[in-house]
Amino acid sequence: MDRHENERRIVAGIVEDHGRDACRLLSILREVQREFRHVSPDAQQTVAQALGVCVTQVKAVVEFYSFLSTNPLGEFDIRISDSITDHLLGSRDVAASLCRKLGIRPGETRRDGRVSLAFTSCTGLCDQGPAGLVNGYAIPRLTGERIDRVAELINDDTPLGDWPGELFAVENNIRLADRLLGNPVRPGDSLARALAQGGETMFGEIESSGLRGRGGAGFNTAWKWRFCYEGPEEEAVCPPGQPAAKIERYVVCNADEGEPGTFKDRVLLQSYADQVFEGMTVCAHLVGAKQGFLYLRGEYLYLHQRLEGVLAERRRKGLLGEGILGRKGFDFDIEVRLGAGAYICGEESALIESLEGKRGVPRNRPPYPVTHGYLGKPTVVNNVETFFAAAAITLRGGEWFASVGTEKSKGTKLLSICGDCSRPGIYEYPFGVTISRILDDCGADDTLGVQIGGPSGIFISDREFGRKLAFEDLATGGSFIVFDRTRDVLEIARNFTHFFAHESCGFCTPCRVGTSLLKNLLDKIGDGHGAAGDLAELSRLGRFVRSTSHCGLGQTAANPILSTLERYPELYQKRLKTIDFEPGFDLDGALAIARRLSGRDDENAHLTQT
Ligand SMILES: Cc1cc2nc3c(=O)[nH]c(=O)nc-3n(C[C@H](O)[C@H](O)[C@H](O)COP(=O)(O)O)c2cc1C
Ligand code: SF4
């Protein structure tokens, strides 16, 4: 059997193992990538044939996800996090050092096929950066000796499975626990209470807790669950003479956690996964779902086996599967599905597309997932922390939760704190806490400002540290990045703007083109070529992208620029040239390389030319 035939046989086997289910396309492609280090056109063809779908559909999916590649990556594929906090901690030096030791350049696969290195968006390890991934597995604290160790292991061709475990050790860094982190639920306790109290009482508890979604938008959780429950029971159209089919419902846990600076879901999944699954199962009981998914970002691959272990244990204890806790008809199970490096898949409708094996392009809304979600069926999508809190509320009651917080933001919130502070990590605070209190607790000195809610949130200055974390004031999905006075506001905005341009899914023009234009303009200003006209254009374009984009990514992509421009106009002004306009193309800069190559970059070069 020739090599190609063998490859086709293996690929067809992978598709077979996934039950030839087109919804599992992303999982199939991830496996093909792992096996062959890329998804070749031939493999795409084989997958398409075996699934009975068009090859262009498979190709489109491969090209969409940054962890899939059509060109072979190295046996050791290194990705260095490009998040702002990793930058602050020296990620560029890490990459340069690794490149030197491995004889490679960023974005390249070495000729012998042994190693490739590239940058990637935030890996969710901002409290222990600079961080990276090797073959998808997270390696935190890439400093000094650890960089040497990684380079040695690769140069010695040591299989990844034989690398010292301590290289992959990810810390929890829980610094402050309140009512949720401090009182974990024992597996089964919340479910037992839900079954004993009955559905209406439990809906009432979730409602009285005032719980709002922890993924950022803050939608009322009880309402979401109720909308799903109250959706149609049976298909409106059914074949003549047959009973109407029941409409399935689904529960999806959004563990995509791609917002730079956010890592609290990582900690919940690492140490409180049982409680997250318990919350999902309570939700399934209330809305009548039989199937759940945990959509785990590809960067958290290292958690996958552990999560499967927790699920297996829950099945063994009768907390998942058929007849949960002995209740006839209470059947529910959870499947973990991995993403593949696309921030947009955190947006709930893009996530559902991804779960269905497609590119993560956000859907038109309405209809919302709660009525038309996975496979067009009613689907609850909630953040990891929302399910985690819901399990505690089910056991301890709505009043217990709502007794802290503010009028419109009940309970506590987990924050992922990182950047310029001596105690980065996870902090749990009742809503309403002030920024200055948080800065004191995390050991932040001489703070210039804080990015609240990640790049899609806002940058607040030191004049605003009396403001409160709450939906009524400063809302956040959990990201809290501290910057001290040594930092350059423009460089921060630049990093975030590059992030959005890279992560735009490309579906709608204002975001696809607008984020690139914003990036180019900011680069121009940052590099000292900006003029007053560019600043006005930056502001105009930013507002245009915000108001015309199709989904939350585009609608927030200009926030880093607009919020810093509003607070620090003088810092932008200082970078401008004293003319009103300068062309985007820098002729002198472009010719500099040619001058250098031809030895004409030094002033007196012409004297030595013949
Ligand atoms: C670009 C984008 C990325 C998002 N990423 C996440 C994410 O990683 N995790 C998350 O829970 N919600 C994310 N969201 C919000 C989800 O669309 C959705 O509102 C959330 O999962 C609902 O859960 P909740 O009600 O529990 O917050 C994102 C939204 C957008 C627009
Ligand atoms: S706003 Fe951006 S991310 Fe959202 S659909 Fe449009 S192109 Fe895609």
Side-chain angles (χ1 to χ4, degrees), residues 64 121-122 124 206 211-225 227-228 251-266 268-269 276 279-280 283 293-300 339 341-355 359-365 368-370 373 379-390 413-414 416 453-457 471 475-479 499-516 518 544-559:
F64 186 83
S121 294
C122 179
I206 305 285
L211 178 64
R212 297 173 63 169
R214 289 340 197 200
F219 191 79
N220 184 295
T221 305
W223 297 353
K224 187 181 277 189
W225 292 13
F227 289 149
C228 183
V251 173
V252 176
C253 178
N254 187 343
D256 198 54
E257 194 161 62
E259 190 73 38
T262 317
F263 48 86
K264 44 117 191 151
D265 294 343
R266 177 199 89 206
L268 291 179
L269 294 171
V276 175
M280 290 176 71
C283 174
F293 296 100
L294 180 115
Y295 188 89
L296 183 67
R297 69 184 308 222
E299 290 81 349
Y300 292 169
Y343 164 69
I344 189 58
C345 288
E347 195 280 337
E348 57 185 6
S349 66
L351 185 155
I352 290 170
E353 289 283 295
S354 182
L355 275 180
R359 295 178 309 140
V361 173
R363 295 177 177 172
N364 283 331
R365 301 181 321 160
Y368 291 94
V370 77
T379 303
V380 167
V381 181
N382 274 132
N383 175 253
V384 174
E385 186 186 342
T386 312
F387 285 121
F388 172 69
K413 177 79 192 87
L414 303 190
S416 323
S456 68
F471 292 106
T476 173
S479 174
F499 166 76
F500 284 120
H502 179 255
E503 295 295 341
S504 165
C505 83
F507 168 76
C508 66
T509 314
C511 170
R512 184 184 64 248
V513 179
T515 52
S516 281
L518 286 172
F544 177 78
V545 173
R546 174 186 275 176
S547 60
T548 54
S549 289
H550 172 66
C551 85
L553 189 149
Q555 288 154 14
T556 57
N559 285 3

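Atoms within each ligand, like the ligands themselves, are counted from 1 in listed order.
E259 places a side-chain N or O within donor-acceptor distance of the main-chain N or O of S456, the cut-off being under 3.5 Å.
Listed by number with element, the atoms of ligand 1 under 4.0 Å from a non-hydrogen atom of T386 are 24 (P), 26 (O). The distance from ligand 2 to the heavy atoms of S549 drops below 4.0 Å at these ligand atoms: 1 (S). Every atom of ligand 1 with a heavy atom of N382 under 4.0 Å away is listed here by number and element: 23 (O), 24 (P), 25 (O), 26 (O). Atoms of ligand 2 found under 4.0 Å from any heavy atom of S504 (numbered from 1 in listed order, with element): 2 (Fe), 7 (S). Proximity to C505 (heavy-atom distance under 4.0 Å) selects the following atoms of ligand 2: 3 (S), 5 (S), 7 (S), 8 (Fe). Listed by atom number, the atoms of ligand 1 under 4.0 Å from Y343 heavy atoms are 1 (C).
The protein heavy atom nearest to atom 27 (O) of ligand 1 is G215 N, 2.7 Å. Considering only non-hydrogen protein atoms, atom 17 (O) of ligand 1 sits nearest to E348 N, 2.9 Å. Of all protein heavy atoms, the one closest to atom 20 (C) of ligand 1 is N254 ND2, 4.2 Å.
R546 and N559 form a side-chain donor-acceptor contact under 3.5 Å, judged by distance and modelled atom types alone.
A heavy-atom separation below 4.0 Å is not found between F387 and ligand 1. Within the structure, ligand 1 has K224 among the residues with a heavy atom less than 4.0 angstrom away. Proximity of R214 to ligand 1 is established by a heavy-atom distance of less than 4.0 Å. Close to ligand 1: G258, with a non-hydrogen atom less than 4.0 angstrom away.
Residue contacts to atom 6 (Fe) of ligand 2: C508 brings an N, O or S atom closer than 2.8 Å. The distance from atom 8 (Fe) of ligand 2 to the nearest N/O/S atom of C511 is not under 2.8 Å.
Here atom 29 (C) of ligand 1 lies nearest to E347 when heavy atoms of E347, Q555, E385, R365 are compared. Comparing heavy-atom distances from atom 4 (C) of ligand 1 across P362, G346, G213 singles out G346 as nearest.
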For this session: Any chance you could lay out the ring pair (Phe, Tyr, Trp, His ring centres under 6.0 Å) test for F227 and Y368, step after step, and finish with the verdict?
Result: CA-CA 10 Å; F227 289 149; Y368 291 94; 9.4 Å; no
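Counting heavy atoms under 4.0 Å from ligand 1, residue N383 touches it through both backbone and side chain. Residue contacts with ligand 1, taken as heavy atom pairs separated by less than 4.0 Å, involve E257 solely via the backbone atoms N, CA, C and O.
Taking only nitrogen or oxygen atoms, main chain and side chain alike, E259 does not reach within less than 3.5 Å of ligand 1.
Remark: L296 CG to D256 CG distance equals 8.5 Å, nearest 0.5 Å.
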